[in-house]
K.L.:
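The structure that follows is given in the form of structure tokens.
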There are 2 protein chains.
Amino acid sequence: MLPGMNEPTFLILTALAGEPMHGYAVIEDVEHMTDGRVRLRAGTLYAALDRLRGEGLIEVDREEVVQSRLRRYYRLTGAGEQSLEAETARLRAQATLAEGRLRARRTNFGGATA
Amino acid sequence: MLPGMNEPTFLILTALAGEPMHGYAVIEDVEHMTDGRVRLRAGTLYAALDRLRGEGLIEVDREEVVQSRLRRYYRLTGAGEQSLEAETARLRAQATLAEGRLRARRTNFGGATA
DNA sequence: TGGTATATGCCGACCGTCGGTATATGCTGC
DNA sequence: GCAGCATATACCGACGGTCGGCATATACCA
């Protein structure tokens, strides 16, 4: 059905659209982007990263070792960029649609519903 | 985490934001709204309807019998309207965010990624 | 010595959706 | 007359993505 992607997945791709980033940095970036509303679980993040890599939407950029801790950086692929663009257009279209109906609703029966 | 709602759920609420509608009509409306991309399964629809009713976002408007077939009409509640408004704002915000990053990306390294 | 931040990863559970089936009735075409 | 499709609601098992928690390891601070 060409399913739309879920919010966490979308936010992960958006984070990586900025610049290559390692997993933990993605968690922080997503938290900042959403004003603290979405705090990705480690399980969600690394599972999504593996999945998106399998789908060819992201790929490993490089690996670094900082203070004897591994940092694996990911970046968007061309396919990932296209996918994110398409998804963004979808979100816009649906927002516009809902706004139109909500507006019409208010002008018709301005606040009479339960 | 104040989870964002899924696409099918959002589209069901959007359909009902227009006017009270019975289940099967929602399926058709969603299909038209998405240009045939999203074709809700009966299982998805009626399960979501029950769930949304339990959450107080929609309620039964009336029941009709047409050609000895039952039609149960649903409508948005005030809470449902607020919820849909909030969700719409969220979609817009996220679309804007992703677009900003995609634009910056293009001006910086115009199409050099894999 | 304990707690927090960094960083990756695995695990079971949950929930919303998928896909199919059941149950009826009415309409259309062969 | 009967098959097939549209209408309309409802239940079911399966699946996939996320959740929440835990494990592991190092560095820093109180």
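In what follows, every chain begins at residue 1, and chains take the letters A, B, ... in the order their sequences are listed.
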K.L.:
Tell me, please, which residues at least two apart from B:N6 pass side-chain hydrogen bond (donor to acceptor under 3.5 Å, both in side chains).
P.N.:
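Per chain and number, B:N6 pairs via side-chain hydrogen bond (donor to acceptor under 3.5 Å, both in side chains) with no residue.
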
K.L.:
Consider only side-chain heavy atoms of I, L, V, M, F, W and Y, link residues closer than 4.5 Å, and tell whether A:L49 and A:Y73 are in one cluster.
P.N.:
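Not linked; separate clusters.
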
K.L.:
Mind checking whether A:L13 and A:V60 sit in one hydrophobic cluster, side chains of I, L, V, M, F, W, Y counted as touching below 4.5 Å?
P.N.:
yes

K.L.:
OH of A:Y24 versus P of D:dA27: gap in Å, rounded?
P.N.:
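Spelled out: OH on A:Y24 to P on D:dA27 is 16 Å.
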
K.L.:
Looking at the side chain of B:P8, which of D:dA8, C:dT6, C:dT17 is the nearest nucleotide?
P.N.:
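The listed nucleotide nearest to B:P8's side chain is C:dT17.
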
K.L.:
Looking at C:dT25, D:dT9, C:dG16, which one has an atom nearest to any side-chain atom of B:T9?
P.N.:
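When the side chain of B:T9 is considered, C:dG16 is the closest of C:dT25, D:dT9, C:dG16.
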
K.L.:
B:A42 side chain: which of D:dT7, C:dA5, D:dA10 is closest?
P.N.:
D:dA10

K.L.:
Rounding to a whole Å, what distance do you find between B:M5:CE and D:dT18:P?
P.N.:
17 Å

K.L.:
Would you kindly give the CD1-to-P distance between B:I27 and D:dT9, to the nearest whole Å?
P.N.:
8 Å

K.L.:
Examine the side chains of A:R92 and B:T96 and answer whether a donor and an acceptor come within less than 3.5 Å of each other.
P.N.:
yes

K.L.:
Within the structure shown, what part of the strands sits under 4.0 Å from A:E28 by heavy-atom distance: base, sugar-phosphate, or nothing?
P.N.:
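Here A:E28 touches the backbone only, sparing every base.
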
K.L.:
Between P on C:dA5 and CZ on A:R69, what's the gap in Å once rounded to a whole number?
P.N.:
13 Å

K.L.:
D:dT7, D:dG17, C:dT17: which one has an atom nearest the side-chain heavy atoms of B:R71?
P.N.:
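Of the candidates, D:dT7 comes closest.
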
K.L.:
Between A:H22 (NE2) and C:dT6 (P), how many Å, whole number?
P.N.:
9 Å

K.L.:
Would you mind telling me which of C:dT8, D:dG17, D:dC19 lies closest to the side-chain atoms of A:R41?
P.N.:
D:dC19

K.L.:
Rounded to the nearest angstrom, tell me the gap between atom CD in B:E64 and atom P in C:dT25.
P.N.:
20 Å

K.L.:
List the steps, then state whether side chain to side chain contact (heavy atoms under 4.5 Å, CB included) holds for A:H22 with A:R72.
P.N.:
CA-CA 5 Å; A:H22 60 95; A:R72 182 145 43 229; 5.6 Å; no

K.L.:
Can you work out whether A:G43 or A:Q67 has the more 5'-proximal nearest nucleotide on DNA chain D?
P.N.:
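Between the two, 5'-proximity favours A:G43.
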
K.L.:
Reckon B:S68 has a side-chain N or O less than 4.0 Å from the OP1 or OP2 of C:dA24?
P.N.:
no

K.L.:
Write down the distance between CD (A:E87) and C1' (D:dG17), rounded to a whole number of angstrom.
P.N.:
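The distance from CD of A:E87 to C1' of D:dG17 comes to 14 Å, rounded to the nearest Å.
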
K.L.:
Under 4.0 Å from any atom of DNA chain D, heavy atoms only: list the residues of residues 44-57 of chain A that qualify, in numerical order.
P.N.:
A:T44, A:R51

K.L.:
Going only through I, L, V, M, F, W and Y residues with side-chain contacts under 4.5 Å, is there a path from A:L91 to B:L102?
P.N.:
yes

K.L.:
Work out which heavy atom in A:T14 is nearest to a heavy atom in B:R101; give both atom names and the distance.
P.N.:
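Scanning both residues, the minimum pair turns out to be O-CD, 3.3 Å.
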
K.L.:
Could you give the CD-to-P distance, from A:E7 to C:dT17, as a whole number of Å?
P.N.:
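Whole-Å distance recorded here is 14 Å.
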
